[in-house]
Amino acid sequence: MGKGIEDALENSTSDASLARARAVSAKIEAGIAADPTQFRVLTGDRPTGHLHIGHYFGSLLNRVRIQRAGVDTWVVIADYQVVTDRDGVGPIRERVLSLAMDYIAVGLDPEKTTIFPHSAVPALNQLMLPFLSLVTDAELRRNPTVKAEFEATGNRPMSGLLLTYPVHQAADILFCKANIVPVGKDQLPHLEQTRVVADRFEARYGHPDGADGPVFPRPQGLLSEAETVLGLDGAKMSKSRGNTIELRMSADQTAKLIRKAVTDSDRRIAFDPANRPEVSNLVLLAAMAQGREPAAVAEEIGDGGAGALKKLVTESVNDMLAPIRARRAELEADPGYVRGVLRRGIERATERAEATLAEVREAMNMTY
Ligand code: TRP
């Protein structure tokens with residue numbers, strides 16, 4: 001998502017609906033522990049740049065955990081979404097391949113997880129046509145994510161794809177009948193839109209005679225409870241601010257960035273996010289990289305000052321990323337393998353999308 005959008009969305013979800021979403025998430029977690037095979041997860045990203053530690057702690061770790069728990073996991077590389085609010089695709093092919101490398105390097109296993117760019121799956125995209133007939137333009141204009149993204153583009157005219165991208169996202173989720181979508185709370189309105197599409201499809205067309213159950217599941221959001229790590233300047237992590245550590249960076253580049261991180265003049269290191277946001281964020285970063293409590297990390301550094309803190313952050317982050325970076329370097333040296341992963345992903349997604357589209361045609365009485 002673009003700059004400022006997450007800020008704008010922060011308050012779009014009421015406390016009550018957040019509490020509901022948390023309760024649903026807790027139930028899903030219990031369900032995964034009991035029987036992971038009852039779920040299919042779909043998540044995804046726009047290929048707009050390289051993944052960084054914010055993505056790693058915020059979503060990638062969670063995906064890997066879910067995959068390892070035995071849930072059928074699908075990851076869409078949303079290449080069409082790149083052109084919702086910009087004129088060109090940029091170096092899209094390279095970015096898609098790089099994103100796939102990041103995924104595999106962090107532990108998404110192509111044997112278990114289906115990774116695919118949605119532009120390469122025609123039947124998925126065709127679902128957008130019937131789905132578009134189920135929503136109104138007023139509804140889409142009210143969608144908080146569409147509104148926020150539109151506002152972030154300045155006064156640029158809204159493209160038809162930006163207006164309708166929640167419907168495209170519904171196609172991403174429903175084509176494979178995913179019933180869980182891991183989300184940050186800013187993405188909850190999207191999921192609501194997807195459920196609305198599934199409900200209305202059911203109400204209007206139902207299921208072909210003789211078949212059981214609804215055509216589409218009602219996907220639920222699985223909220224990520226990870227602490228949000230800020231950028232190295234204490235502001236929201238964003239590529240354009242240059243305050244992030246990308247997974248693919250070298251240990252030296254990482255050290256250099258952390259050396260420039262903003263701190264304060266109090267030598268006593270503490271975890272006190274309200275009063276000392278920058279220092280606390282660095283403490284949190286080291287703690288998350290080591291899988292420890294921030295207070296314990298702060299205690300350990302004690303009066304060591306910003307120098308000792310930065311040294312510890314650098315070591316912890318580089319240690320954590322070392323195996324990921326090594327794996328990524330292997331993948332970079334073997335682009336044929338990565339393309340093969342995408343081709344297999346596209347094949348699996350196409351098979352699933354064609355089966356779903358056939359059901360939709362059946363339900364709509366459009367079989368010829
Ligand atoms: N919109 C998401 C983003 O901006 C990417 C995405 C596309 C997605 N389709 C999805 C996420 C379906 C979850 C489910 O990062």
Side-chain angles (χ1 to χ4, degrees), residues 1-10 48-62 64-65 102 105-107 184-186 224-329:
M1 264 196 277
K3 233 181 14 176
I5 294 166
E6 282 155 42
D7 284 332
L9 284 170
E10 203 97 300
T48 49
H50 301 288
L51 295 183
H52 53 66
I53 45 170
H55 298 117
Y56 184 70
F57 291 126
S59 59
L60 298 172
L61 269 179
N62 203 30
V64 173
R65 179 180 67 86
D102 282 336
V106 298
K185 60 178 182 218
D186 55 310
S224 164
E225 292 295 346
E227 295 268 4
T228 304
V229 191
L230 299 171
L232 295 171
D233 53 1
K236 189 153 269 180
M237 208 179 273
S238 91
K239 213 175 26 185
S240 51
R241 292 185 67 102
N243 62 359
T244 69
I245 299 164
E246 293 176 359
L247 301 181
R248 60 169 195 143
M249 280 175 176
S250 70
D252 282 351
Q253 279 173 301
T254 304
K256 210 178 272 171
L257 275 171
I258 295 172
R259 216 173 296 136
K260 283 192 301 200
V262 178
T263 52
D264 57 38
S265 54
D266 189 345
R267 282 198 66 78
R268 172 119 204 121
I269 298 305
F271 184 62
D272 180 6
N275 297 310
R276 299 177 65 191
E278 295 92 355
V279 162
S280 300
N281 184 56
L282 288 174
V283 171
L284 179 64
L285 192 50
M288 288 179 91
Q290 295 183 26
R292 291 172 64 197
E293 286 305 315
V297 170
E299 184 74 20
E300 182 185 303
I301 303 170
D303 289 324
L309 174 60
K310 288 182 178 179
K311 185 161 173 286
L312 186 70
V313 174
T314 304
E315 281 167 10
S316 325
V317 169
N318 277 339
D319 282 355
M320 176 189 78
L321 292 179
I324 295 171
R325 287 167 168 166
R327 179 81 184 108
R328 205 181 185 289

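Start at 1 with the first residue, then count along the sequence. Since we're looking at a predicted model, the values are computed, not measured.
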task: Determine, stepwise, if the pair N243 / M237 fulfils side-chain contact (heavy atoms from CB on, under 4.5 Å).
output: CA-CA 6 Å; N243 62 359; M237 208 179 273; 4.1 Å; yes
Could you check if a side-chain atom of [X] sits within less than 4.5 angstrom of a side-chain atom of [Y], using non-hydrogen atoms only?
X	Y	result
M320	F57	yes
L321	I245	yes
D102	H55	no
M288	I53	no
K260	L232	no
F271	L284	yes
R65	N62	yes

query: Looking at CG of D252 and CG of L257, how far apart are the two atoms once the value is rounded to the nearest 0.5 Å?
result: 11.0 Å
task: Could you grab the distance from atom CD of E315 to atom CD1 of I258, nearest 0.5 Å is fine?
output: 10.0 Å
Under the 3.5 angstrom rule, does the side chain of [X] hit a backbone N or O of [Y] as a donor-acceptor pair?
X	Y	answer
D272	S280	no
R276	D266	yes
S224	S59	no
R267	G304	yes

Taking all non-hydrogen atoms of both residues into account, name the closest pair between [X] and [Y] and its distance.
X	Y	value
T263	A306	OG1-CB, 3.6 Å
P323	D319	CD-O, 3.4 Å
A286	V297	CB-CG1, 4.2 Å
L230	G234	CD1-O, 3.3 Å
L282	V262	CD1-O, 4.1 Å
E293	A287	C-CB, 4.0 Å

message: Applying the side chain to side chain contact (heavy atoms under 4.5 Å, CB included) criterion to R248, which one of Q253, R328, H52 satisfies it?
response: R328
task: Kindly determine whether L60 and L247 satisfy side-chain contact (heavy atoms from CB on, under 4.5 Å), including the steps that lead there.
output: CA-CA 11 Å; L60 298 172; L247 301 181; 3.9 Å; yes
message: What I want to check is whether the side chains of R325 and T254 have a donor and an acceptor closer together than 3.5 Å.
response: yes
message: Other residues, nucleotides and ligands only: do more than 12 of their heavy atoms fall within 6.0 Å of CD on Q290?
response: yes
